[in-house]
Amino acid sequence: MTERIVLAYSGGLDTSVAIGWIGEATGAEVIAVAVDVGQGGESLEDIRQRALACGAVEAYVADARDEFANEYAMPTLKANALYQGHYPLVSAISRPVIVKHLVKAAREFGATTVAHGCTGKGNDQVRFEVGIQTLGPDLKCIAPVRDLALTRDKAIAFAEAKGLPIETTKKNPYSIDQNVWGRAVETGYLEDIWNAPTKDIYDYTATPEFPPAPDEVVISFHQGVPVAIDGVKVSALQAIQELNRRAGAQGVGRIDVVEDRLVGIKSREIYEAPGAMALITAHKHLEDITIEREQARFKATVSQRWAELVYDGQWFSPLKRSLDAFIEDTQKYVSGDIRMTLHGGQAIVNGRRSETSLYDFDLATYDTGDTFDQSQAKGFIELWGMSSKVASTRDQRAAGK
Ligand code: ARG
């Protein structure tokens, strides 16, 4: 029986050419797998037809938007995960859901190998292949750009020679990856890290310099997940979409960073994640009133580690699973409403309320009705400073003073 390979297919030039390229190089039959994670653009049906026209023997398409929102974006939100303090893991969290579908398709169509269109320089090759190794240890991996010398020039020449139904002339200088959680743009002019991004780079966000009137929004959460916007019930996917639209119109969520790739390279990336950044901001503020202090402090370090694991392609790892269990436990009381103003590139929280809040007005107030016994502070401070005081006495004695 002819060997079969499933290919992560986007519908673009590189993966369209990869279908025939892999076929010629390996003699295998190629099954194209396209997964909708809210990247927009063409319909799955158009992508499926193109895959078949480019020589795929089968095309598997999946609308994974709700799955992606519920099982990948929501855990990222519960973690308030920002890699290196900035990046909400847009591409990093889409790879594992694509991997799930690749492995599923490989089983369905009897494939032995999984192929993807990544280069050998980035994080995504790692995320795909570590994910595939974990979910399908018997499956092999191949990356035509990296392993079969499929360069851009060769891809264009191949598409033209074979008359593939794909645009080869439109030259986009940027490498773009997008889904409902955000958008990532790199390469070209941006590789000079002194160059400011030009307006044409952005798609999810309007220029924050000339914002429309401020937009006030109330986001309701239940156990860490948004469930209503301005009192209207929403799914996780709808919450992200709605905030992409509203926060995007105000230019919220533009990020310009040089980040540390897993492969050791520092790289410049522009992100736009209006919905993700508005949600993370609101969620964090709700945690501030509903999570106990020590749990909250510890969660911040867990969150950082979680972001690193996910960035580094360890979505399916045991440590990530254990950290998820901790994070999930912290979300038990993260329910309530956050009011925020979206304006001029910022999402600023100005109101919060929760049935499970730890904020105690009677303890906090400086007005009459104060129930906090200030006389207890004196003794507490004495003991709190005791060990430093003892050490400092010793230091002075040792210094011969
Ligand atoms: N640097 C980001 C990451 O590693 C995004 C990668 C994809 N970016 C792109 N522009 N193609 O997760």
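When a residue number appears, it is its place in the shown sequence, counting from 1. Note: hydrogens, waters and symmetry copies are ignored here, and every other heavy atom, side chains too, is used. Counting starts at 1 for both ligands and their atoms, in listed order. Everything quoted here is computed from the prediction, not taken from an experiment.
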Side chains of residues 5-13: which donor-acceptor pairs under 3.5 Å do they make with residues two or more places apart or in other chains?
{"from": "Tyr9", "atom 1": "OH", "to": "Ser16", "atom 2": "OG", "distance (Å)": "2.8"}
{"from": "Ser10", "atom 1": "OG", "to": "Gly12", "atom 2": "N", "distance (Å)": "3.1"}
{"from": "Ser10", "atom 1": "OG", "to": "Thr15", "atom 2": "OG1", "distance (Å)": "3.1"}

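- Sorted by first and then second residue, the salt bridge (Lys or Arg N to Asp or Glu O under 4.0 Å) pairs involving residues 73-89 (not counting sequence neighbours) are Lys78-Glu328.
- In this pair, Tyr83 and Tyr87 present their aromatic rings perpendicular. The plane angle is above 60°, beyond the 30 to 60° band.
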For a distance cut-off of 3.5 Å, show me each N or O of ligand 1 paired with any protein N or O, plus the separation.
{"from": "ligand 1", "atom 1": "1 (N)", "to": "Glu259", "atom 2": "OE2", "distance (Å)": "2.6"}
{"from": "ligand 1", "atom 1": "1 (N)", "to": "Glu269", "atom 2": "OE1", "distance (Å)": "2.8"}
{"from": "ligand 1", "atom 1": "1 (N)", "to": "Tyr271", "atom 2": "OH", "distance (Å)": "3.1"}
{"from": "ligand 1", "atom 1": "4 (O)", "to": "Asn123", "atom 2": "ND2", "distance (Å)": "2.7"}
{"from": "ligand 1", "atom 1": "4 (O)", "to": "Arg127", "atom 2": "NH1", "distance (Å)": "3.3"}
{"from": "ligand 1", "atom 1": "4 (O)", "to": "Arg127", "atom 2": "NH2", "distance (Å)": "3.1"}
{"from": "ligand 1", "atom 1": "8 (N)", "to": "Glu269", "atom 2": "OE2", "distance (Å)": "3.2"}
{"from": "ligand 1", "atom 1": "10 (N)", "to": "Ser175", "atom 2": "O", "distance (Å)": "2.8"}
{"from": "ligand 1", "atom 1": "10 (N)", "to": "Ala184", "atom 2": "O", "distance (Å)": "3.3"}
{"from": "ligand 1", "atom 1": "10 (N)", "to": "Glu269", "atom 2": "OE2", "distance (Å)": "2.8"}
{"from": "ligand 1", "atom 1": "11 (N)", "to": "Ser175", "atom 2": "OG", "distance (Å)": "2.9"}
{"from": "ligand 1", "atom 1": "12 (O)", "to": "Tyr87", "atom 2": "OH", "distance (Å)": "2.6"}
{"from": "ligand 1", "atom 1": "12 (O)", "to": "Arg127", "atom 2": "NH1", "distance (Å)": "2.8"}
{"from": "ligand 1", "atom 1": "12 (O)", "to": "Arg127", "atom 2": "NH2", "distance (Å)": "3.0"}

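- Nearest heavy-atom pair across Arg127 and Val310 is NE-O, 4.1 Å.
- With respect to the salt-bridge test (charged N to carboxylate O, under 4.0 angstrom), the residues Arg183 and Asp177 do not qualify.
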Just list the side-chain donor-acceptor pairs under 3.5 Å for residues 360-367, sequence neighbours left out, or say none.
{"from": "Asp360", "atom 1": "OD1", "to": "Asp362", "atom 2": "N", "distance (Å)": "2.9"}
{"from": "Asp360", "atom 1": "OD1", "to": "Leu363", "atom 2": "N", "distance (Å)": "3.3"}
{"from": "Thr365", "atom 1": "OG1", "to": "Asp367", "atom 2": "N", "distance (Å)": "2.9"}

